[in-house]
Amino acid sequence: MGKFTKIRSDTFDVLQLDAGVLLHNFDPEMADEPADEDIICATTGGITISCVPTYSDMGADVDNAPTDTMELKKLESWSCKVSFTALDTSLEMLKLSLGAADIVDGKVVPRRDLKPSDFSKKWWVGDKANGGMVAVAILNALSTSGLSLKSSKNGKGQLTVELTGHVSLENQDVMPMEFWSTDGEA
Amino acid sequence: MGIVLTKAAALHGFFESFGVPAYEENTVPDDAAFPYVTYEAASDAYGADVMLSASLWWRSPSWALVNDKAEEIGRRIGLGGVLLPCEGGRLWIKRGSPFAQNMGDDRNDMIRRKVLTLEVSFLTTK
């Protein structure tokens with residue numbers, strides 16, 4: 001076998017296993033098993049988390065400046081999203097997927113304007129092979145993809161949801177996604 | 001540092017932990033007394049997924065006892081599976097589908113056999 005055909009001895013300790021769970025509340029310091037009421041919904045197909053930066057090249061229109069010059073690169077913003085397919089069609093889940101909406105008289109009604117209460121912190125937490133966890137907090141999350149419900153013959157109705165994290169004017173240096181990765185007990 | 005089990009020992013230990021004797025399916029003693037568990041002893045590494053079967057063997061007029069044991073094993077494995085530390089990493093045992101099926105025995109119509117389907121991921125570096 002070639003000497004470069006090799007993996008780290010801890011490769012299988014740091015795997016993230018299974019789909020994990022979406023939560024309304026979570027304390028990564030305690031990392032307790034979530035209570036029923038903290039679980040947002042059942043999902044199918046796993047959860048996708050992305051935190052993608054947008055850069056501008058200040059040297060793009062500068063003659064003789066090489067493309068992607070390190071000193072001329074500027075970080076403009078972060079786009080932080082959590083995407084999933086929910087199997088939950090409760091009123092609360094329909095409201096979450098719509099974003100700007102209210103539950104009124106047993107029905108969910110989209111609203112004309114956004115309210116601060118439409119934004120909330122959400123979590124995704126998953127197990128690690130060594131007994132630890134990976135946790136992602138999305139700050140000021142709002143569903144920006146709207147409601148998309150697909151039914152099928154002999155199948156389960158699926159609600160496609162994309163939560164986008166937002167920066168707050170009150171904390172403009174705090175980007176809307178945070179990450180934890182802890183190891184389990186030996 | 002504690003004792004590190006071989007993959008074979010970890011697998012055997014799992015099946016032996018349900019209160020009945022466990023035998024690798026090719027080494028069942030001729031005088032083995034019911035109830036017992038037999039299992040396929042396959043092995044792999046580097047994240048490979050292997051489907052294994054195990055069988056619960058009961059001598060009983062009804063399926064109740066063997067059903068209970070299958071349910072107990074199913075609960076232990078649970079939704080996310082169970083991780084067994086072993087040399088090189090760990091085994092991740094998950095429920096296969098269908099998890100449990102009844103099977104008769106031509107030798108004796110009092111023998112209740114429940115075949116379990118398991119998926120084992122060998123999360124090991126050797």
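The analysis underlying the following values was restricted to heavy atoms, covering all of them including side chains, and did not include hydrogens, waters or symmetry mates. Each chain gets a letter, A, B and so on, in the order the sequences are listed, and its residues count up from 1.
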- Query: Considering only heavy atoms from C-beta outward, does the side chain of B:Leu123 approach that of A:Leu17 to under 4.5 Å?
  - Reply: yes
Nearest 0.5 Å, what's the [atom1]-[atom2] distance between [X] and [Y]?
{"X": "A:Asn130", "Y": "B:Arg90", "atom1": "CG", "atom2": "CZ", "value": "6.0 Å"}
{"X": "A:Asp18", "Y": "B:Trp92", "atom1": "CG", "atom2": "CH2", "value": "4.5 Å"}
{"X": "A:Lys6", "Y": "B:Thr125", "atom1": "NZ", "atom2": "OG1", "value": "10.5 Å"}

Is it the case that over 12 heavy atoms from other parts of the model lie below 6.0 angstrom from the [atom1] atom of [X]?
{"X": "A:Met58", "atom1": "CE", "result": "no"}
{"X": "A:Lys73", "atom1": "NZ", "result": "yes"}
{"X": "A:Ile7", "atom1": "CD1", "result": "yes"}

- Hphob cluster co-occupancy, A:Leu87 + A:Leu159, side-chain heavy atoms under 4.5 angstrom: no
- Examine A:Trp180 and A:Val14 and state if one hydrophobic cluster contains both, with Ile, Leu, Val, Met, Phe, Trp and Tyr joined whenever side-chain heavy atoms are less than 4.5 Å apart.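 Not linked; separate clusters.
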- Query: Which bit of B:Ser121 comes within less than 4.5 Å of chain A, counting heavy atoms only: side chain, backbone, both or neither?
  - Reply: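 For B:Ser121, no heavy atom lies under 4.5 Å from chain A.
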- Test log, rule side-chain contact (heavy atoms from CB on, under 4.5 Å), inputs B:Tyr46 and A:Thr11: CA-CA 9 Å; B:Tyr46 300 109; A:Thr11 294; over 6 Å; no
